[in-house]
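Throughout, residue positions are numbered sequentially from 1 according to the sequence presented. Order of listing sets the numbers, starting from 1, for every ligand and every atom in it.
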Amino acid sequence: METDGVGTVVSLLVVPTLNVILCSGCGQCVAACPNKIFTLETIRFHKNAMITHPELCNACGRCVKTCPVAALLWDP
Ligand code: SF4
Ligand code: SF4
């Protein structure tokens, strides 16, 4: 959180970007994240990781390093 100099509070949310097309639903990011921001969901018979608690991310980078298909990146 920070202010913009005139008293407005701006929320800075830092969380990796998840590419759901690349995601294979392996679940490794779910296991790797110490803050449990991911869940595994099945959408139209395709299993995907979903970011369900982005506010809990501490930007440790474990999920980005763990993903075997590079579906998690810091930049879109
Ligand atoms: S960067 Fe760390 S805290 Fe954030 S989603 Fe990835 S593993 Fe979880
Ligand atoms: S580690 Fe990568 S491929 Fe596996 S569920 Fe997470 S985002 Fe998807």
Val14, Val64, Thr66, Asn58: member with heavy atom nearest to atom 3 (S) of ligand 1
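When every heavy atom of Val14, Val64, Thr66, Asn58 is considered, Asn58 comes closest to atom 3 (S) of ligand 1.
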
Where the closest heavy atom to atom 2 (Fe) of ligand 1 is concerned, which of Cys33, Ala59, Cys60 has it?
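The nearest heavy atom belongs to Cys60.
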
With heavy atoms of [X] as the reference, note each atom of ligand 1 found under 4.0 Å away.
{"X": "Asn35", "value": "3 (S)"}
{"X": "Phe38", "value": "5 (S)"}
{"X": "Pro34", "value": "7 (S)"}
{"X": "Cys57", "value": "1 (S), 3 (S), 4 (Fe), 5 (S)"}

A side-chain contact here means heavy atoms from C-beta on lying under 4.5 Å apart; do [X] and [Y] qualify?
{"X": "Leu72", "Y": "Cys29", "value": "yes"}
{"X": "Arg62", "Y": "Cys33", "value": "no"}
{"X": "Phe38", "Y": "Thr52", "value": "no"}
{"X": "Cys26", "Y": "Cys67", "value": "no"}

Quick one: side-chain hydrogen bond (donor to acceptor under 3.5 Å, both in side chains) partners of Thr39, sequence neighbours excluded?
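For Thr39 the side-chain hydrogen bond (donor to acceptor under 3.5 Å, both in side chains) partners, ignoring immediate neighbours, are Glu41.
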
Quick one: name the protein N/O/S atoms under 2.8 Å from atom 8 (Fe) of ligand 2, chain by chain.
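Sorted hits: Cys23 SG.
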
Establish whether Leu22 and Ile51 are linked, either directly or via other cluster members, by ILVMFWY side-chain heavy-atom contacts under 4.5 Å.
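No, Leu22 does not connect to Ile51 through the hydrophobic network.
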
In the single-linkage hydrophobic clustering (I, L, V, M, F, W, Y; side-chain heavy atoms under 4.5 Å), do Val30 and Val20 co-cluster?
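Yes, Val30 connects to Val20 through the hydrophobic network.
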
Considering only non-hydrogen protein atoms, determine which one is nearest to [atom] and report residue, atom name and distance to 0.1 Å.
{"atom": "atom 1 (S) of ligand 1", "answer": "Gly61 N, 3.2 Å"}
{"atom": "atom 6 (Fe) of ligand 1", "answer": "Cys63 SG, 2.3 Å"}
{"atom": "atom 5 (S) of ligand 1", "answer": "Ile37 CD1, 3.2 Å"}

Looking only at heavy atoms, what is the nearest atom pair of Gln28 and Pro68, with distance?
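Answer, listing the atom of Gln28 first, then Pro68: NE2-CG, 3.8 Å.
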
Test side-chain contact (heavy atoms from CB on, under 4.5 Å) on Val64 and Trp74; report intermediate values, then the result.
CA-CA 8 Å; Val64 175; Trp74 288 114; 4.0 Å; yes

I'd like to know whether Ile43 forms a side-chain contact (heavy atoms from CB on, under 4.5 Å) with Met50, so could you lay out the CA-CA distance, the side-chain angles of the two residues, the decisive distance to 0.1 Å, and finally the verdict.
CA-CA 11 Å; Ile43 302 168; Met50 301 283 285; 4.1 Å; yes

Judged by non-hydrogen atoms, does Val15 sit under 4.0 Å from ligand 1?
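The answer is no, since Val15 has no heavy atom less than 4.0 Å from ligand 1.
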
Any donor-acceptor pair under 3.5 Å linking the side chain of Asn35 with the backbone of Leu56?
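Checking the backbone N and O of Leu56 against the side chain of Asn35, a donor-acceptor pair under 3.5 Å is found.
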
